[in-house]
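The basis for the numbers below is simple: all heavy atoms, side chains too, and nothing from hydrogens, waters or symmetry mates.
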Amino acid sequence: MPDASPGHDDSWRIEAGRLLFARPWHFVLGTPTLAALPEPSEIEIAFAGRSNVGKSSLINALVGQKALARTSNTPGRTQELNFFAADMGPMIVDMPGYGYARASKKLIRDWTRLIFAFLRGRANLRRVYLLIDARHGIKDNDRKTLDLLDKAAVSYQIVLTKADKLKPPALEDILEEMRRALVKRPAAYPEIVATSAQTGLGIELLRAEIAALANE
Ligand code: GTP
Ligand code: MG
């Protein structure tokens, strides 16, 4: 397995990530429709995935603030596209989750449309982090999202969440399964990041990657 942990040569990238996320981040706007998106002036990094996978928690871990993005034990917490920014650099987009079975059919349809239209059509969207619960792996609705991103040639990377819930051998198994699933996906970044918003696993690395994307 390629070592995903930062080596000595990466220390300047880690530092750039630390600096970007040491800035104060703030909420810019939330919108349930594509009609009210912010002006596409900065690059955007979106966090997508099933309901309750931990999108908002991961954003809070990145920015080091407990409640910048609102989180909840019950699925369906984030109901709009929420944009966050520091005083410079990229925007971070927290998305509603897909696959929330208990929402009304209309709501599911509206959210799915919003998520897919944004992912497919946003010109300044530089990278999508597609979050997968480390315990559950890729589900059908994840596959639909991956298909859409591949088709639209939107660069994405898989992030495993809640890695603290698995023992290291089980985590290694799921990482291997994911790597195999990604081989034939053209828009997928080949490396997968295992994270935990609770222990901080993978957060430093993700910060470094986002800073690198912003500096490209
Ligand atoms: P929606 O907005 O409803 O789509 O959910 P979300 O993907 O934003 O998930 P959210 O961040 O609200 O987290 C859902 C639940 O998972 C909360 O109870 C979090 O505390 C929990 N959670 C998130 N990340 C982690 C993690 O790394 N480890 C553990 N153990 N729990 C986590
Ligand atoms: Mg959320």
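Using a 4.0 Å cut-off between a side-chain N of Lys or Arg and a carboxylate O of Asp or Glu, D140 and R143 qualify as a salt bridge. In summary, E177 and R180 do not engage in a salt bridge, as defined by a charged side-chain N under 4.0 Å from a carboxylate O.
Within the structure, the ring pair (Phe, Tyr, Trp, His ring centres under 6.0 Å) test picks out no pair touching residues 165-200 (sequence neighbours left out). Sequence neighbours left out, not one pair with a member in residues 193-216 passes ring pair (Phe, Tyr, Trp, His ring centres under 6.0 Å). Residue pairs meeting the salt bridge (Lys or Arg N to Asp or Glu O under 4.0 Å) criterion with at least one partner in residues 60-69, sequence neighbours excluded, do not occur; the list is empty. Listed by first then second residue, pairs satisfying salt bridge (Lys or Arg N to Asp or Glu O under 4.0 Å) with a partner in residues 42-55 read E44-R122, not counting sequence neighbours. Counting only residues at least two apart or in different chains, ring pair (Phe, Tyr, Trp, His ring centres under 6.0 Å) contacts with residues 122-173 comprise F47-Y129. Pairs passing the side-chain hydrogen bond (donor to acceptor under 3.5 Å, both in side chains) check and including a residue from residues 78-95, sequence neighbours excluded, read R23-D87, S56-T78, S56-D94.
Checked against side chain to side chain contact (heavy atoms under 4.5 Å, CB included), T74 has the following partners two or more places apart in sequence or in another chain: S72. Remark: S51 pairs with P75, Y100 by the side chain to side chain contact (heavy atoms under 4.5 Å, CB included) rule, at least two apart or across chains. Not counting sequence neighbours, the partners of R207 by the side chain to side chain contact (heavy atoms under 4.5 Å, CB included) test are F21, L62, I203. Among residues two or more places apart in sequence or in another chain, the side chain to side chain contact (heavy atoms under 4.5 Å, CB included) test is passed with A214 by I43, P90. Partners of R135 under the salt bridge (Lys or Arg N to Asp or Glu O under 4.0 Å) rule, at least two apart in sequence or in another chain, are D133.
For the pair V183/R179, no side-chain contact is recorded, criterion being any heavy-atom separation below 4.5 Å from C-beta on.
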Please output the side-chain donor-acceptor pairs of residues 27-41 that fall under 3.5 Å, not counting sequence neighbours, one pair per line with the distance.
| residue | atom | partner | partner atom | Å |
| --- | --- | --- | --- | --- |
| T31 | OG1 | T33 | N | 3.0 |
| T31 | OG1 | T33 | O | 2.7 |
| T33 | OG1 | A35 | N | 3.2 |

